[in-house]
Amino acid sequence: MLVSLCLILTAFSAAIIQSTSGFGFGIIFMAVMTLFFPYKYCTVLSITTSFFMQTYTIIRLRHYINWRLVLYPAITSVIMSGIGIHVMIKLPTQLTSLLLGTFLWILGIYLIFIAPHVKLPHNRRIGLLMGALGGFMDGVFAIGGPPMVAYYDAVIDQPLSYQATIQTYFWIVGLNVLINNLICHNLTLHLVPLIALSVTGCLLGTLCGVHLLQKISMSAVRRLAYLVMLGAGTYNLIKFGVSVWH
């Protein structure tokens with residue numbers, strides 16, 4: 001019962017973060033739930049739950065989706081995620097945590113201090129490039145959100161359009177990952193009760209997050225995204241330090 005409650009609360013909290021900042025569900029969910037379940041189970045739970053969350057968000061905010069900013073990044077992301085997976089297989093786990101933590105800190109500092117002075121053009125080339133980077137990171141680190149936050153943060157100035165567009169991108173990319181998990185038989189029947197609990201907490205959190213999104217400014221959304229990014233970077237650097245210490 002305690003583990004079930006923790007699963008619901010974790011999904012609820014992570015969904016609020018993602019539905020306001022644009023990303024962070026997988027980071028928070030994996031950090032907590034791997035304390036209770038095997039990593040493989042947590043990955044499937046995270047992917048499946050976030051897919052339901054993104055579906056709900058897309059339906060709720062469908063009129064705000066900027067499809068032109070979704071499709072081109074999604075194409076290169078799907079391609080590069082496969083390449084990233086092959087790179088990930090060859091990387092030591094300790095090195096992965098170090099690289100991810102360092103990258104998130106560099107990207108967070110860029111977004112806070114440099115990005116406000118840089119205006120990315122709304123063209124196909126930039127969308128393809130950022131989608132490729134996000135897909136590669138998703139394959140290597142299972143966290144492809146930060147590059148897309150940097151991209152959409154630079155080209156979208158309205159919170160509801162930002163959230164609708166980035167979650168649509170994640171939905172397309174997540175569908176590809178979900179299909180691969182089904183093919184590999186990672187999504188099994190004994191996970192269905194856990195998925196149901198996780199989805200329940202996630203949908204409640206998404207409902208609260210979308211409600212909050214209508215009341216806050218884009219600058220508040222940006223600050224929250226930066227905090228999540230720096231927090232995730234710090235978590236991975238600490239995880240690297242602990243693994244080296246032991």
Report task. Return yes when atom CZ of Phe37 has more than 12 non-hydrogen atoms of other residues, nucleotides or ligands closer than 6.0 Å, and no otherwise. Result -> yes
Report task. Could you grab the distance from atom CG of Leu175 to atom CZ of Phe170, nearest 0.5 Å is fine? Result -> 15.0 Å
Requested in this report: Can you measure from OH (Tyr162) to OG (Ser21) and round to the nearest 0.5 angstrom?
Outcome: 6.0 Å
Query raised in the report: From Met30 CE over to Tyr235 OH, what is the distance, rounded to the nearest 0.5 angstrom?
Result: 8.5 Å
Query - Over 12 non-hydrogen atoms of neighbours within 6.0 angstrom of OH in Tyr41 - result: no
**Report entry** Nearest non-hydrogen partners of Phe240 and Ser97, listed with the distance
**Finding:** CB-CB, 4.0 Å
Query raised in the report: When rounded to the nearest 0.5 angstrom, what is the spacing between CH2 in Trp67 and CZ in Arg62?
Result: 11.5 Å
Query - Close side-chain approach of Leu98 and Asn236, heavy atoms under 4.5 Å - result: no
Query raised in the report: Where is the tightest heavy-atom contact between Ser50 and Phe25, given as atom of each residue plus distance?
Result: CB-CD2, 3.9 Å
Query raised in the report: Going by heavy atoms in the side chains, are Met137 and Leu100 under 4.5 Å from each other?
Result: yes
Query raised in the report: Between OG of Ser161 and CG of Asn66, what distance do you get to the nearest 0.5 Å?
Result: 5.5 Å
**Report entry** Leu213 to Thr20 - nearest heavy-atom pair and separation
**Finding:** CD1-O, 3.8 Å
Query raised in the report: For Phe103, does the CZ atom sit with more than 12 other heavy atoms under 6.0 Å from it, leaving out its own atoms?
Result: yes
Query raised in the report: Do Leu45 and Met33 come within less than 4.5 Å of each other through their side chains, counting heavy atoms only?
Result: no
Requested in this report: Please name all residues satisfying side chain to side chain donor-acceptor pair (under 3.5 Å) with Ser81, sequence neighbours left out, ordered by chain then number.
Outcome: none
Query raised in the report: Do Ile83 and Met80 come close enough that some side-chain heavy atom pair is under 4.5 Å?
Result: yes
Would you list the atom pairs, donor with acceptor, under 3.5 Å between side chains in residues 145-156 and any protein atom, with sequence neighbours excluded?
unit_1	atom_1	unit_2	atom_2	d
Tyr152	OH	Leu69	O	2.6
Asp153	OD1	Arg222	NE	2.3
Asp153	OD2	Tyr226	OH	3.2

Report task. Please round to the nearest 0.5 Å and tell me the distance separating atom OG of Ser4 and atom CG of Leu9. Result -> 11.0 Å
Query raised in the report: Judged by atom type as modelled, is there a donor-acceptor pair below 3.5 Å linking the side chain of Thr10 to the main-chain atoms of Leu7?
Result: no
